[in-house]
Peer 1: 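Before we start, here is the structure in question, set down as structure tokens.
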Amino acid sequence: MSATVSFKVPTPHGPKDVTVSYTRVGRGEPLVLLHGIGHHLQAWDPVVDILATERDVIAVDLPGFGSSPALPGGLDYDLPTTNSVLAALFEALELDRPHVAGNSLGGLLALELGREKLVRSVTAFSPAGFWTEAERRYAFTVLLTMRGIAQRLPLPLVERLSRTAAGRTALTSTIYARPARRSPEAVVAETLALVAATGFQATLRAGSTVQFTDDVPGLPVTVAWGTRDRLLVRRQGVRAKTIIPRARLVRLPGCGHCPMNDDPALVARVILDTSR
């Protein structure tokens, strides 16, 4: 079951209240999971139970995604603001420098938290921010197309498509290399989450000038890339390794952009190895 927590985030116009939805399960050192743009915390469902045997796992709906309300007026969806929001979330949940793992946008946010020394380890799966301008435009065009299609599909059609492997492939093959493995209920839920994501457009706008250019020294960092990532091509992982030379670069054979569904055991092992 998900819970919510509310906390104040400083702005130039005074503190603003932010509410975040999350789930928490397991025991051990705290591990925060951050999803990608248009997704929700359920993206991590395939690996949560594995991780929870060794970690206190907190999966988060980022503001404006999943069940978390949009950011209040006066707060932007840029990296400094999101860093402040996540730092305030950690304080509200009494998390002292948790481990963090993120996918896509969540991977970029995880690296930002690592750069700011707010976490004790970072595992980033296909993180945003290591693109060329052409690669960024391509990824944003694909994301906007995915959302546009999802917005036009009537719910009964989404439900009907989700019941077959071919239908799940049609709906989710951009982000999963093995879409047939995703349950019908999960495919319907994430299609609805993509449609309802109030932070989608503002996050894309904020990301149009993002480039990750700093090292993340002093803590364990893993950057992992699926060999079948169709959204952020895997050569971006080589760039990430150049920028963060002490990072471990891991290849995820047969995995797509969201590898948690494609190979849960491998993804969990990569996270647990990084967060020792």
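Residues: numbered from 1 along the sequence shown. The analysis underlying the following values was restricted to heavy atoms, covering all of them including side chains, and did not include hydrogens, waters or symmetry mates. None of the values given here were measured: they were computed from a predicted structure.
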Peer 1: Run Trp225 and Val223 through side chain to side chain contact (heavy atoms under 4.5 Å, CB included) and show every step you take.
Peer 2: CA-CA 7 Å; Trp225 231 282; Val223 175; 3.7 Å; yes
Peer 1: Is it the case that more than 12 heavy atoms not belonging to Glu91 sit under 6.0 Å from its CD atom?
Peer 2: no
Peer 1: So, do Arg230 and Ser173 sit near enough that their side-chain heavy atoms are less than 4.5 Å apart?
Peer 2: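 Sidechains of Ser173 and Arg230: in contact.
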Peer 1: What is the minimum heavy-atom distance between Leu171 and Ser162, and which atoms define it?
Peer 2: CD1-N, 4.3 Å
Peer 1: Keeping the roles fixed (side chain from Thr172, backbone from Thr169), state whether a donor-acceptor pair exists under 3.5 Å.
Peer 2: no
Peer 1: Apply ring-ring contact (aromatic ring centres under 6.0 Å, His included) to Tyr138 and list each qualifying residue two or more places apart in sequence or on a separate chain.
Peer 2: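 For Tyr138 there are no ring-ring contact (aromatic ring centres under 6.0 Å, His included) partners, ignoring immediate neighbours.
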Peer 1: Would you mind reporting whether Leu232 and His257 have side-chain heavy atoms less than 4.5 Å apart?
Peer 2: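 They are in side-chain contact.
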Peer 1: Quick one: are Ser121 and Val221 in side-chain contact, heavy atoms under 4.5 Å?
Peer 2: no
Peer 1: Please name the pair of heavy atoms, one in Phe90 and one in Val32, separated by the smallest distance, quoted to 0.1 Å.
Peer 2: CE2-CG2, 3.8 Å
Peer 1: Could you list the residues that satisfy salt bridge (charged side-chain N to carboxylate O under 4.0 Å, His left out) with Arg152, not counting sequence neighbours?
Peer 2: none
Peer 1: Hey, does the side chain of Lys117 reach the backbone of Pro217 with a donor-acceptor pair shorter than 3.5 angstrom?
Peer 2: yes
Peer 1: Check salt bridge (charged side-chain N to carboxylate O under 4.0 Å, His left out) between Asp49 and all other residues, then give those that pass, not counting sequence neighbours.
Peer 2: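 Residues passing salt bridge (charged side-chain N to carboxylate O under 4.0 Å, His left out) with Asp49: none at all.
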Peer 1: Does some side-chain heavy atom of Leu105 sit less than 4.5 Å from a side-chain heavy atom of Leu62?
Peer 2: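 In short, these two side chains touch, coming nearer than 4.5 Å.
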Peer 1: Share the residues that join Val195 in a hydrophobic cluster, the rule being Ile, Leu, Val, Met, Phe, Trp or Tyr side chains under 4.5 Å apart at the heavy-atom level.
Peer 2: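 Other cluster members: none.
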Peer 1: Using atom types as modelled and distance alone, determine if a side-chain donor or acceptor of Arg168 lies under 3.5 Å from a backbone N or O of Ala180.
Peer 2: yes
Peer 1: Is any side-chain heavy atom of Leu204 closer than 4.5 Å to one of Ile37?
Peer 2: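 A side-chain contact exists here, since the closest heavy-atom pair is under 4.5 Å.
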Peer 1: So which residues get pulled into Val48's cluster when ILVMFWY side chains under 4.5 Å apart are joined, directly or through others?
Peer 2: Val25, Leu31, Leu33, Trp44, Val47, Leu51, Val57, Phe125, Val250, Leu252, Met260, Leu266, Val267, Val270, Ile271, Leu272
Peer 1: Could you grab the distance from atom OG of Ser2 to atom NE2 of His40, nearest 0.5 Å is fine?
Peer 2: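 It comes to 11.5 Å.
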Peer 1: Could you give the distance from CD1 (Ile244) to CG (Asp214), rounded to the nearest 0.5 Å?
Peer 2: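 Output value for this atom pair is 9.0 Å.
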Peer 1: Determine yes or no for a side-chain-to-main-chain donor-acceptor pair under 3.5 angstrom, with Asp262 supplying the side chain and Tyr176 the backbone.
Peer 2: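 Flag not set: sc Asp262 to bb Tyr176 has no pair under 3.5 Å.
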Peer 1: State, with a plain yes or no, whether a side-chain heavy atom of Leu109 is found less than 4.5 Å away from one of Leu79.
Peer 2: yes
Peer 1: Output the rest of the hydrophobic cluster of Ile50: all Ile, Leu, Val, Met, Phe, Trp and Tyr residues reachable through side-chain heavy-atom contacts under 4.5 Å, sorted by chain and number.
Peer 2: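 Ile50 shares its hydrophobic cluster with no other residue.
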Peer 1: Measure the spacing between OG1 of Thr274 and CG of Leu219 and express it to the nearest 0.5 Å.
Peer 2: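 Spacing of OG1 (Thr274) from CG (Leu219) equals 10.5 Å.
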Peer 1: Name all residues meeting the ring-ring contact (aromatic ring centres under 6.0 Å, His included) criterion together with Phe65; count only those two or more places apart in sequence or in a different chain, and write none if there are none.
Peer 2: His35
Peer 1: Holding to side-chain contact (heavy atoms from CB on, under 4.5 Å), I want the full list of residues that pass it with Asp78, two or more places apart in sequence or in another chain.
Peer 2: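 Asp78 satisfies side-chain contact (heavy atoms from CB on, under 4.5 Å) with Asp76, Pro80, Thr81, Ala206 only.
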Peer 1: Give every residue pair that meets the salt bridge (Lys or Arg N to Asp or Glu O under 4.0 Å) criterion with at least one member in residues 122-144, sequence neighbours excluded.
Peer 2: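 Those involving residues 122-144 are Glu133-Arg136, Glu133-Arg137, Glu135-Arg235, Glu135-Arg239.
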Peer 1: Any idea which heavy atoms bring Phe7 and Ala88 closest together, and the distance?
Peer 2: CD1-CB, 3.5 Å
Peer 1: Can you check whether Trp131's main-chain N or O pairs, donor with acceptor, with Gln211's side chain at less than 3.5 Å?
Peer 2: yes
Peer 1: So which atom in Leu118 and which in Ala87 form the shortest heavy-atom distance, rounded to 0.1 Å?
Peer 2: CD1-CB, 4.0 Å
Peer 1: Is Glu112 close to Asn83 at the side-chain level, that is, under 4.5 Å between some pair of heavy atoms?
Peer 2: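 Yes, close enough: below the 4.5 Å cut-off.
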Peer 1: Run the ring-ring contact (aromatic ring centres under 6.0 Å, His included) test against Phe212 and tell me which residues pass, sequence neighbours left out.
Peer 2: Phe130
Peer 1: Please name the pair of heavy atoms, one in Leu143 and one in Leu231, separated by the smallest distance, quoted to 0.1 Å.
Peer 2: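 In terms of heavy atoms, the two residues are closest at CD2-CD2, 4.0 Å.
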Peer 1: Does the Ser68 side chain pair with the main chain of Ser21, one donor and one acceptor, at a distance under 3.5 Å?
Peer 2: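 Yes, because the side chain of Ser68 sits within donor-acceptor range (under 3.5 Å) of the backbone of Ser21.
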Peer 1: Side-chain contact, heavy-atom cut-off 4.5 Å: Tyr22 with Leu93?
Peer 2: yes
Peer 1: Could you go through the side chain to side chain contact (heavy atoms under 4.5 Å, CB included) check for Arg228 and Arg234 one step at a time?
Peer 2: CA-CA 8 Å; Arg228 295 172 62 190; Arg234 59 178 174 161; over 6 Å; no
Peer 1: Using links of under 4.5 Å between side-chain heavy atoms of ILVMFWY residues, direct or through other members, which residues join Leu41 in one cluster?
Peer 2: none
Peer 1: Between the side chain of Arg181 and the main-chain N/O of Asn261, is any donor-acceptor distance below 3.5 Å?
Peer 2: no
Peer 1: Strictly by salt bridge (Lys or Arg N to Asp or Glu O under 4.0 Å), give each pair with a member in residues 13-41 just once, sequence neighbours left out.
Peer 2: Lys8-Asp17, Arg24-Asp56, Glu29-Arg120
Peer 1: For Arg248 and Thr222, indicate whether the former's side chain and the latter's backbone hold a donor-acceptor pair under 3.5 Å.
Peer 2: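 No: the side chain of Arg248 does not pair with the backbone of Thr222.
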Peer 1: Taking Asp215 first and then Arg246, would you say they form a salt bridge - that is, a charged N and a carboxylate O separated by under 4.0 Å?
Peer 2: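 Arg246 and Asp215: salt-bridged.
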Peer 1: Would you check if the side chain of Ser104 reaches a backbone N or O of Gly106 as a donor-acceptor pair within less than 3.5 Å?
Peer 2: no
Peer 1: For Gly36, does its backbone N or O pair with a side-chain atom of Asn103 as donor and acceptor, under 3.5 Å?
Peer 2: no
Peer 1: Mind listing the closest non-hydrogen atom pair of Thr191 and Ala150 along with its distance?
Peer 2: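 Smallest heavy-atom distance, with atoms named: CG2-CB, 4.0 Å.
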